[in-house]
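Everything on this sheet refers to the single structure shown next.
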Amino acid sequence: MTSTQSSDGYLDRYQEAVLGVFGRPALVIDHGRGCHVWDVDGRRYLDLLGGIAVNALGHGHPALVAAVSKQVAEVVHVSNFFTTPGQIALAERLLDIAGAPAGSKVFFANSGTEAVEAAIKLARRTGRTGIVAAEGAFHGRTTGALALTHKPAYREPFAPLLPGVTHVPYADVEALRAAVGPDTAAVVLEPIQGEAGVVAAATAYLQAAREVTAAAGALLVIDEVQTGIGRTGQWFAYQESGVLPDAVTVAKGLGGGVPIGALLTMGPAVSGLLQAGQHGTTFGGNPLAAAAALAVLDTIGEQGLMAHAVVVGDHLAAAVAGLGHPLVSTVRGRGLLRAIVLTEAIAPLVASLAREAGFIINPVAPQAIRLAPPLIVTTEEIDTFVAVLPALLDAAHAALTASEPS
Ligand SMILES: *Cc1c(COP(=O)(O)O)cnc(C)c1O
């Protein structure tokens, strides 16, 4: 069937056929180009969410189209009985950009949660069972990763989960120090908590986490699924702290929209924890995903998109702060992973009004709007959003006030 139907028609069919875990989708997308997408009703939107930090090169980027098209015609899948030049090149490239020491290795998966699952199995191979994660953390939805994710609404329907997981207040060095001991296999942390509302820890926190884990003989796993692949201005957000983790998880931005995840294990000792036969996947590291990821990494590097992310992200933060709008309290985050923090719980309303005005943004929390646009977004595109933001905030505030019982 072709897209001859209206959004409402499609959404009725969606609700009949697709499991309701995501609620009713806000849009039925037809196609995209650059930083814009069009819905099946022909309406255009500036995509300031990038599929949640995934579409690093935007939509229809010629480098990604060429790489994937070429690969799909050559070979799409070979199984892990075999390898391909692209898979090997991607592993080498990831280790290079991560500053990984000799003896480091890559395990390929298909998503962020699978990268975290691999990290959990790696941690178990230390012979210890304790894992320390942070309050507010999001590490995925499969049952292992879900045990590390903090949000009770996500966890509680599936209890009991993997035992041995402790959550400590984020960015609190003393709490971390107190929780880590001889039973701790790993500490798993996001350098910036994306799902919690783009909350960054100070570099000193990651440095302290490195020191605490090293002293306890525990692994330090940094979850870069949302922050990695150039989004915060460096290949990985942990690089700002100068810390070298024992393992790193990546996914979202790596394939530019083609599903891929990876676990990087640092150095020979950590890399030796998982031996032949102890982990696996059918699709992980397939040539199609590898070709996409190599095109993404090449393009980010060649076009200076990390420096660009810093310039445009700083411009965004300054422009929003410069509005001096009473409903904006601050702008958090780094590079092109940002949250506009509001003084009222109107973020969901602002997001739906923004959509009507042709902008895709994300109400990551009741009082926070997350922006994670393609790394190719321009300051001019950002400015079109900043220009309408005051009116969106005022309209949301007015609607909220009108709906409150007097
Ligand atoms: C999105 C996310 C995950 C889970 O990734 P999926 O691809 O959705 O499984 C894990 N960790 C972090 C930090 C994330 O932002």
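These numbers come from a predicted model, not from an experiment. Start at 1 and go down the list; that is how both ligands and their atoms are numbered.
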List the protein residues in contact with ligand 1, where contact means a heavy-atom separation under 4.0 angstrom.
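If the criterion is a heavy atom under 4.0 Å, then ligand 1 touches Ser111, Gly112, Thr113, Phe138, His139, Gly140, Glu190, Asp223, Val225, Gln226, Lys252.
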Where is the tightest heavy-atom contact between Leu274 and Ala118, given as atom of each residue plus distance?
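For Leu274 and Ala118, the tightest heavy-atom pair comes out as CD1-O, 4.1 Å.
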Excluding sequence neighbours, so at least two apart, what forms salt bridge (charged side-chain N to carboxylate O under 4.0 Å, His left out) with Arg334?
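By the salt bridge (charged side-chain N to carboxylate O under 4.0 Å, His left out) rule, Arg334 matches Glu240.
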Going by side-chain hydrogen bond (donor to acceptor under 3.5 Å, both in side chains), name the pairs with one or both residues in residues 266-284, residues two or more places apart or in two chains.
Asn110-Thr281, Lys121-His279, Arg125-Gln278, Thr265-Ser271
Would the Phe283 and Phe108 ring centres measure less than 6.0 Å apart?
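Centroid distance Phe283-Phe108: not below 6.0 Å, so no.
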Donor-acceptor pairs under 3.5 angstrom involving side-chain atoms of residues 250-259: please list them, not counting sequence neighbours.
none

cation_pi(Arg24, Tyr14) dist<6.0 Å, angle<=45
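Relative to the ring axis of Tyr14, which defines the angle, Arg24 lies outside at least one limit.
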